[in-house]
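Only heavy atoms go into these numbers, but all of them, side chains included; no hydrogens, no water, no symmetry mates. If you're wondering where the values come from, they're calculated on a predicted model, not measured in any experiment.
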Amino acid sequence: MAFESHLLLALLEGTVGACVLALTALGLSLVFGVMRIVNVAHGEFFMLGAVIAWAAATLVGGPPALSFALALVTAPLAVAAIALGVDRLILRRVAYQPDATIVATIGLVYVFQQAVLMTFGPEARAVAAPFQWRVTFPGFGYSGVKLALAGAALVLIAGTWLMLTRTHIGLAMRATQIDRETAQAFGIPARRVYALVFALGAALAAVAGVLVVPVQQAHYLMGGDPLLLSFIVVIIGGLGSLRGTLVAAFVIGISDGVIAVFFSPTLAKIAATLLVAMVLVARPQGLFGRAPS
Amino acid sequence: MTAARRALPALVLAGLFALQFVLGDYDHTNMARILVLACFAVGYNIAFGMTGLLSLGHAMFFAAGLYGAGFSAELGGVAPPAALAAGTACGLVLALAVGLVALRTSGVAFMIVTLMFAQACFLTILHFNELTRGDEGFVIAETARRFALAGVVLDAADPTVRYNAALALFALAYGAYLALARSRVGRVLVGIRENEDRVRMLGYDPYRYRLFALTLSGALAGLAGAAYALLFAYVGATFATTQYSIYPLLWVLLGGAGTALGPLVGTGVMFVLVDRLSGITSSYLMLVGLALILLVVLFPKGILGTVGQRRARNRS
């Protein structure tokens, strides 16, 4: 394969990965921005989405397109319900303290992983793609399913963005983010906003999990990588800045795809993690974020 | 302070010494393991319990000690006491280097930076697979673990030597914690945890005190890692995973953050629970997860913290 085709393939892979990453990181960023907490179990919500998609495909059966559509609806709803329970039973009880929340969500990581391990098993399980379609590029053919999934991720990101900027609920979320107490004084139920934001963040991760399942298998440990990458993206983009998160997701996602094709993945990961640590030290507000006033 | 409280450390150490004559073979080895891991937890407690630094990267300091001692003993042919010192030095230097950079951040950012550095260390160990043997790890040979102390040849593989070496190291860590807690520096560290601005206003530089606490914490983690390598003869990348950064956090929280004996109690209870449970089910990690959640929600002060609170309430 010629170098140009190789590069094009790398860019395509990177872009597809970036779309899913942006969707996942958006959820983490939203939760951090509004609630000022780090949800370490965010990657497990992603994993739960993928596992539910597998369950929908196997237990319900029928044509792959139908069960996939079913999973696209049920997985985010189910995971959002779980997140509401977590908010009610754990986060609210520790009053959203940053340190306590981190420790509790670390605990959730193990609970979710082990619960899935006990029921779903240790195997990686594949789910049939909703349809078969191949796009021909000069020099190689590319999976059309991947392109469609990336497109779906973009639609969902746009939808979330519109919800945040154009609807009443979005306004309440943004108001709570900027100044919780003033928002409450204006009659915004901050508690309910918190619960809603946490559920929405989890649902975004879950739907991203559903989207990757046709190209990547479902596995109980699959949540680790998306979590680490989302952390990186949210940090580089600036803690709490949604626009920064989206920009960073595309920069990181595409470069990650290109690097993985051309260089040793471990070495690239070491360099990336050290780079991120340095960014956070030099600019705690992130590359695109504004310093807190 | 009452006389009974002043005598407590000596009583605890005497009790731990006597324990070796009571325990069966299996529990004897486990207790030695608990003592070494408790040394790790005491180190973590200095950073987290005393100073309020929530680190998610202490596995890298433990691993630095583990590999520092492992390489010196297995490849360098160094005697175990010197290998132990080398491992401790590795933990200390790494903690100092990480602290210089990571302590410029605070709170959530500090947690993420330490997590990232630890991840980079873990990946580095995997990358130099030919030297470290990665996940598989390597075993330290019998001959590299034998050494002469005051004319007596000791073997780290001998259970009695192993237990008492572990106890000596724990006593060292425990003594260091007590001395620090009662010193002026220790009070400043607690002050930083409780109210950083006030400590700064009094003229102390929180950055330098935090750096000291993290370095000491890393040195104790390195000591524990080095001891683990030499006493149990195995060095592997598993000990550098995030899980081994979460364990000391769990042990300290369970025993009681900021208490002198909490790390030992937490490590002991958790070790026994996991050990008994892994006979029944393979998903003992479920227990780890549930313990973390329940501790934070219901017993944020841990076992000894809650006991201390009850006692204080009864007295008043």
Side-chain angles (χ1 to χ4, degrees), chain A residues 32 36-38 40-41 44 86 89-95 97-118 122 220 224 227-228 231-232 234-235 239 264-286, chain B residues 48 52-57 98 100-129 134 193 241-243 245-247 249-250 252-253 257 281-298 300:
Chain A
F32 183 82
R36 298 274 142 197
I37 57 165
V38 174
V40 185
E44 305 320 311
V86 168
L89 295 174
I90 301 170
L91 301 185
R92 199 182 282 183
R93 291 218 193 169
V94 300
Q97 274 172 356
D99 282 8
T101 306
I102 288 170
V103 176
T105 50
I106 290 172
L108 279 176
V109 169
Y110 288 124
V111 170
F112 286 145
Q113 281 179 358
Q114 297 303 314
V116 170
L117 175 64
M118 281 189 238
Y220 81 105
L227 176 73
L228 213 60
F231 264 163
I232 293 177
V234 172
I235 289 166
L239 293 169
S264 143
T266 325
L267 215 54
K269 265 193 199 161
I270 295 174
T273 32
L274 287 179
L275 187 75
V276 169
M278 289 313 180
V279 165
L280 197 53
V281 170
R283 277 182 65 94
Q285 70 273 33
Chain B
F48 174 68
L53 289 167
L54 177 56
S55 148
L56 279 187
V98 167
L100 277 172
V101 179
L103 284 171
R104 293 186 188 281
T105 65
S106 61
V108 168
F110 177 76
M111 173 217 110
I112 298 178
V113 172
T114 47
L115 182 72
M116 292 284 170
F117 275 129
Q119 185 69 14
C121 282
F122 171 64
L123 291 171
T124 308
I125 292 171
L126 291 189
H127 185 72
F128 294 102
N129 195 18
R193 180 191 72 197
T241 53
T242 314
Q243 200 166 314
S245 293
I246 292 169
Y247 276 150
L249 170 68
L250 171 63
V252 167
L253 273 175
T281 161
S282 59
S283 38
Y284 63 89
L285 282 171
M286 179 66 114
L287 176 78
V288 171
L290 287 174
L292 282 170
I293 296 171
L294 291 177
L295 276 171
V296 162
V297 175
L298 301 175

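Interface remark: B:Leu123 contributes backbone and side-chain atoms alike to the contact with chain A (heavy atom separation under 4.5 Å). For B:Leu285, the parts lying under 4.5 angstrom from a heavy atom of chain A are both the backbone and the side chain. Looking at A:Val38, only its side chain comes within 4.5 Å of chain B, counting heavy atoms on both sides. With a 4.5 angstrom heavy-atom cutoff, B:Leu115 touches chain A only via side-chain atoms.
Here the shortest heavy-atom pairing between A:Leu274 and B:Ala120 reads CD2-CB, 3.8 Å. Nearest heavy-atom pair across A:Leu89 and B:Val297 is O-CG1, 4.4 Å. Nearest heavy atom pair, residue B:Met286 against residue A:Gln114, reads N-CG, 3.4 Å.
Under the side-chain hydrogen bond (donor to acceptor under 3.5 Å, both in side chains) criterion, B:Gln243 pairs with B:Tyr247, sequence neighbours left out. Residues satisfying the side chain to side chain contact (heavy atoms under 4.5 Å, CB included) test with B:Leu295, not counting sequence neighbours, are B:Leu250, B:Leu253, B:Leu254, B:Phe299.
Put simply, of A:Ala100, A:Gly107, A:Ala115, the one with the most heavy-atom pairs under 4.5 Å next to chain B is A:Gly107. Contacts with chain B were tallied for A:Leu228, A:Val40, A:Val111; A:Val111 has the most, counting heavy-atom pairs under 4.5 Å. Ranked by non-hydrogen atom pairs under 4.5 Å with chain B, the options A:Ile90, A:Leu117, A:Ile37 are led by A:Ile90.
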Practice problem: Quick one: do A:Ile102 and B:Met111 satisfy side-chain contact (heavy atoms from CB on, under 4.5 Å)? Show the steps, please. | Solution: CA-CA 9 Å; A:Ile102 288 170; B:Met111 173 217 110; 3.1 Å; yes
Practice problem: May I have the step-by-step check of side-chain contact (heavy atoms from CB on, under 4.5 Å) for B:Leu298 and A:Arg93, ending in yes or no? | Solution: CA-CA 9 Å; B:Leu298 301 175; A:Arg93 291 218 193 169; 4.2 Å; yes
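Under the 4.5 Å side-chain criterion, counting only non-hydrogen atoms from C-beta, A:Ile106 is in contact with B:Leu249.
Going from atom OH of A:Tyr110 over to atom CG of B:Leu292 covers 8.0 Å, rounded to the nearest 0.5 Å. Taken to the nearest 0.5 Å, the CD1 atom of A:Ile270 stands 10.5 Å off from the CZ atom of B:Phe122.
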